[in-house]
Amino acid sequence: MTDLGRSHFCGEITENMIGENVRLKGWARTRRDLGQVIFIDLGDQSGIVQTVFNPDISEKALNIADNIRGEYVLDVTGKVVRRDEETVNEKIATGTVEVRVEEVTILNKAKPLPFPMDEEINVSEDVRLSNRFLDLRRPQMQAIFQLRHQLTQEVRTFLNEHLFMEIETPMLTKSTPEGARDYLVPSRVHEHEFFALPQSPQLFKQLFMVAGFERYYQIARCFRDEDLRADRQPEFTQIDIEASFMNTEELFAMTEKMMARLLKVSHHLDVTTPFPRMTYHEAMHRYGSDKPDTRFGMELVELSDIVAGSEFQVFKKALANNGIVKGLNAKGQGDVMSRKEIDDLADFAAIYGAKGLAWLKVDEEKTLKGPITKFLSEDEQANILNAMAGESGDLLLFAADVQEVVFDVLGALRLKFGKELNLIDEDAFHFLWVTDFPLVEYDKDSGRYVPLHHPFTRPIEEDVDKVETAPEDVTANAYDLVLNGYELGGGSRRIHEPELQMQMFRSLGFSEEEAKEKFGFLIDALSYGAPPHGGIALGFDRIVMILTGADNLREVIAFPKTASASCLLTEAPGTVSEEQWKELHLSPRKKKANP
RNA sequence: GGGCCUGUAGUGUAGCGGUGAACAUGCCUGCCUGUCACGCAGGAGAUCGCGGGUUCGAAUCCCGUCAGGCCCGCCA
């Protein structure tokens with residue numbers, strides 16, 4: 001490929017081209033000025049090649065090279081020559097050759113850079129983000145986005161092969177009462193009415209199924225106005241999939257094949273399918289998480305029965321209040337952790353709602369030592385030691401509370417130890433399906449049931465009659481795909497009968513009118529021969545993040561938002577003119593007083 | 001909404017109550033025909049995030065605030 005008169009890319013120059021005249025375009029990466037000879041590493045998207053300027057080739061070019069600085073844009077013509085044996089640079093792909101420059105034109109200058117471009121990232125992130133166009137020019141970033149592009153292509157190729165059709169859905173849509181906060185867009189035409197940016201194309205893809213597009217997908221942008229995390233951006237990309245007449249087994253198998261293809265692209269790795277599966281209940285009890293990192297063990301141990309008759313008030317109270325007692329064996333930590341460090345663990349546990357953190361050490365004689373031994377009978381101690389497979393030097397940690405707190409606390413401690421004790425194989429990819437989620441959970445604040453997934457999720461067939469009578473006992477035909485402790489995404493079979501959908505809305509405390517107002521079009525659509533259908537949505541940014549080994553979504557999104565959801569490059573969001581307010585029939589409220 | 005961490009030349013760091021705020025790199029000038037993170041010599045560059053307080057004296061201690069990051073809540 002050539003463009004603008006360019007004959008080759010810098011990274012393509014090989015020994016086969018020795019003697020050829022080439023014309024290259026790119027950026028001056030580093031310049032080594034030895035007076036009568038100047039070396040410039042010229043780089044473009046493909047890589048770099050060393051160019052040489054000296055008076056024996058062209059006095060004129062040398063004089064121009066004298067003024068070239070970092071990241072100047074150059075148009076270079078010259079001959080490819082073999083380097084002398086002793087001047088070969090093994091660090092670069094083109095290190096055995098160089099281009100002797102006969103002609104050079106400076107296409108554009110560059111100011112001194114705000115940060116070095118050639119090194120590993122040791123620049124603060126705000127500086128990188130406010131100069132993102134330069135940050136993205138760094139080879140490391142170029143590689144990430146090259147891979148991201150290839151993965152996008154692979155997803156499309158795969159789904160096309162499986163007869164899926166990519167169809168776009170609106171970005172300007174309607175606010176829905178459930179779920180995350182919407183990003184709202186005021187309407188100029190409709191006074192005091194708002195569009196919402198989609199949290200996901202959920203309803204539209206179901207309507208595609210009704211429409212008879214039996215297999216839909218979209219690399220879809222989604223928006224949620226909630227607080228950010230390292231793995232959460234307000235604007236993100238999903239691989240959104242929906243299929244009619246396909247059962248959950250078929251969808252699992254297909255999704256597994258697709259993920260395997262992505263691993264093949266990124267790591268030339270053959271992942272084992274089918275992926276392991278675990279129920280939500282099992283995941284919570286064994287790992288204290290609905291997205292367990294199964295790259296390491298250190299599972300939670302159920303102790304409620306063992307300590308059922310215990311005189312230890314903390315255990316006794318928790319069990320009396322319908323809570324549970326579970327333990328976590330921090331292998332070998334009894335020997336190394338000081339009293340202070342164990343107290344710090346209790347502070348850590350408090351973040352997740354623990355009122356305290358009981359602990360015991362296993363000493364050389366395999367007996368338990370610690371402040372709570374006096375409350376535990378010999379039998380209880382023996383049973384605990386046995387259940388937790390305690391060995392000399394171990395630190396046994398206990399959480400006793402309602403089960404949600406116990407899961408959160410021990411789940412968090414497990415991850416903390418997993419990381420700090422290097423129990424995690426960073427090169428491993430552990431996929432896991434988590435299945436059998438509850439359909440709803442009771443929300444104390446609003447005093448009603450809220451869907452765990454979304455209100456269109458279908459119960460498993462044997463629970464269908466219980467949707468209205470005992471919603472809290474219903475298991476959903478819903479599933480999450482987990483990779484290395486990250487929730488890649490989830491999906492479900494959907495309700496395709498209007499009556500069942502109305503039952504569901506009623507269970508969630510919607511009046512007939514509310515349901516009709518918010519979701520009338522869905523009920524209506526389901527009434528016209530909606531096929532059984534289901535689907536899944538996978539967080540594409542997270543996939544890219546994990547496959548590139550990044551620990552942060554910002555690394556794999558070209559122009560990401562900061563933790564406070566602003567863009568340091570454009571300084572969005574920003575204020576708008578009075579005129580714009582007026583056109584939208586809006587007026588600003590007074591800001592909170594700022595003393 | 002809450003907790004914790006970090007803000008010092010363009011960049012990365014040191015200094016943590018008392019000398020002219022130090023080092024590296026980048027930048028500028030000069031020298032250098034085989035470098036490759038070239039080298040050598042010289043030079044410029046800092047309202048120590050911002051505001052207040054404590055103190056004879058604050059980059060350093062305290063309070064507030066802003067920005068960035070991580071987490072809890074939140075995220076159907």
Side-chain angles (χ1 to χ4, degrees), chain A residues 29-41 48-57 62 69-71 81 83-92 94-95 98 100 111-131 134 176-182 199-200 202-203 222-234 236 344 347-354 408-409 412 415-416 437 439-441 443 445 449-457 476 478 487 490-492 504 508 537 539 551-552 554 561-564 566 568 571 594-595:
Chain A
R29 298 294 188 215
T30 60
R31 171 171 168 277
R32 294 173 292 279
D33 183 350
L34 280 67
Q36 286 303 293
V37 59
I38 295 175
F39 300 96
I40 291 173
D41 290 336
I48 61 171
V49 66
Q50 173 166 279
T51 62
V52 196
F53 299 76
N54 79 39
D56 307 335
I57 312 165
L62 179 71
R69 295 294 180 269
E71 296 302 313
V81 300
R83 295 201 199 183
D84 293 341
E85 201 76 37
E86 61 275 16
T87 63
V88 164
N89 183 358
E90 278 158 19
K91 285 182 225 155
I92 59 174
T94 58
E98 62 191 13
R100 294 167 63 85
K111 293 196 289 187
L113 303 175
F115 56 87
M117 304 245 320
D118 48 356
E119 288 166 33
E120 288 299 312
I121 314 155
N122 57 351
V123 179
S124 64
E125 230 189 306
D126 51 338
V127 175
R128 291 176 58 202
L129 289 179
S130 35
N131 298 278
L134 287 176
T176 51
E178 300 287 327
R181 285 187 198 89
D182 288 312
Q199 295 175 28
S200 83
Q202 182 59 37
L203 287 167
C222 306
F223 304 87
R224 294 177 193 177
D225 187 5
E226 294 292 347
D227 288 346
L228 279 61
R229 290 288 185 280
D231 63 349
R232 262 159 50 186
Q233 282 274 309
F236 59 99
D344 288 345
D347 292 342
F348 176 80
I351 296 172
Y352 300 89
D408 282 358
V409 168
L415 282 182
K416 182 181 165 70
F437 285 84
L439 186 69
V440 297
E441 63 185 347
D443 179 48
D445 298 338
Y449 293 109
V450 294
L452 217 72
H453 188 51
H454 57 52
F456 322 111
T457 303
E487 181 197 323
S492 65
M504 183 68 193
L508 298 173
D551 55 5
N552 191 310
R554 290 184 299 274
K561 304 287 187 286
T562 65
S564 57
S566 57
L568 293 179
E571 295 182 325
N594 209 347

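To find a chain, count down the sequence lines: A is the first, B the second, and so on, and within it residues start at 1.
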[N] phosphate, OP1 or OP2, under 4.0 Å from [X] side-chain N/O:
X	N	value
A:Arg31	B:C38	no
A:Asn89	B:G34	no
A:Arg32	B:C38	yes
A:Lys111	B:G10	no
A:Arg128	B:U11	no
A:Ser564	B:A67	no

Separation between the [atom1] atoms of [N] and [M], rounded to whole Å:
N	M	atom1	result
B:C27	B:G15	C1'	24 Å
B:C16	B:U60	C1'	4 Å
B:G57	B:A67	P	32 Å
B:U25	B:C61	C1'	32 Å
B:A9	B:A41	P	26 Å
B:G30	B:C5	P	50 Å
B:G49	B:A21	P	15 Å
B:A58	B:G1	C1'	34 Å

Rounded to whole Å, how long is the line connecting atom [atom1] of [X] with atom [atom2] of [N]?
X	N	atom1	atom2	result
A:Arg29	B:C38	CZ	P	14 Å
A:Asn131	B:G26	CG	C1'	14 Å
A:Leu129	B:A67	CG	C1'	13 Å
A:Glu71	B:C27	CD	C1'	15 Å
A:Asp33	B:C38	CG	P	11 Å
A:Gln50	B:C38	CD	P	10 Å
A:Ile48	B:U35	CD1	P	17 Å
A:Glu90	B:U35	CD	C1'	16 Å

Starting the side chain at C-beta, find the nucleotide from [options] nearest to [X].
X	options	answer
A:Pro55	B:G68, B:U33, B:U11	B:U33
A:Arg224	B:U33, B:C75, B:G69	B:C75
A:Arg229	B:G73, B:C75, B:U35	B:G73
A:Glu226	B:G68, B:C36, B:C74	B:C74
A:Ala230	B:G12, B:C70, B:G10	B:C70
A:Ser566	B:G68, B:G73, B:C36	B:G68
A:Thr562	B:A37, B:G68, B:G34	B:G68
A:Pro116	B:U11, B:G34, B:C38	B:U11
A:Asp41	B:U33, B:C36, B:C27	B:C36

I need the [X] [atom1] to [Y] [atom2] distance, nearest 0.5 Å.
X	Y	atom1	atom2	result
A:Gln233	A:Asn552	CD	CG	7.5 Å
A:Gln50	A:Ile40	CD	CD1	10.0 Å
A:Asp182	A:Thr176	CG	OG1	5.0 Å
A:Leu62	A:Ile38	CG	CD1	4.5 Å
A:Ser566	A:Leu129	OG	CG	9.5 Å
A:Phe53	A:Arg31	CZ	CZ	9.5 Å

Aromatic ring of A:Phe115 stacked on base six-ring of B:U11, 5.5 Å, 30°: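 Aromatic stack with B:U11 absent for A:Phe115.
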Under 3.5 Å donor-acceptor, A:Arg83 side chain and A:Val88 backbone: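 Flag not set: sc A:Arg83 to bb A:Val88 has no pair under 3.5 Å.
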Could you check whether the side chain of [X] and the base of [N] have a donor-acceptor pair of N or O atoms closer than 3.5 Å, going by distance alone?
X	N	result
A:Arg69	B:C28	no
A:Arg232	B:C75	yes
A:Arg554	B:G69	no
A:Gln36	B:G34	no

Pair assignment for B:U65, Watson-Crick or G-U wobble, requiring both distances under 3.5 Å: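 Looking at the geometry, B:U65 pairs with B:G49.
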Identity of whatever pairs with B:U55 - Watson-Crick or G-U, under 3.5 angstrom: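 Partner of B:U55: none found under 3.5 Å.
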Sidechain N-carboxylate O distance under 4.0 Å for A:Arg32, A:Asp41: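 Salt bridge present between A:Arg32 and A:Asp41.
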5' precedence on RNA chain B between A:Tyr352 and A:Phe39 (nearest-nucleotide basis):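 Of the two residues, A:Phe39 wins.
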5' priority, RNA chain B, between A:Asp227 and A:Gly179 [closest heavy atom]: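 Nearest nucleotide further toward 5': that of A:Asp227.
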Counting the atoms with a prime plus P, OP1 and OP2 as sugar-phosphate, which does [X] contact under 4.0 Å by heavy atoms, base, sugar-phosphate, or nothing?
X	answer
A:Leu452	sugar-phosphate
A:Asp56	base
A:Ile351	sugar-phosphate
A:Ile38	nothing

Chi angles and distances behind the salt bridge (Lys or Arg N to Asp or Glu O under 4.0 Å) call for A:Arg554, A:Glu125: CA-CA 10 Å; A:Arg554 290 184 299 274; A:Glu125 230 189 306; 2.5 Å; yes
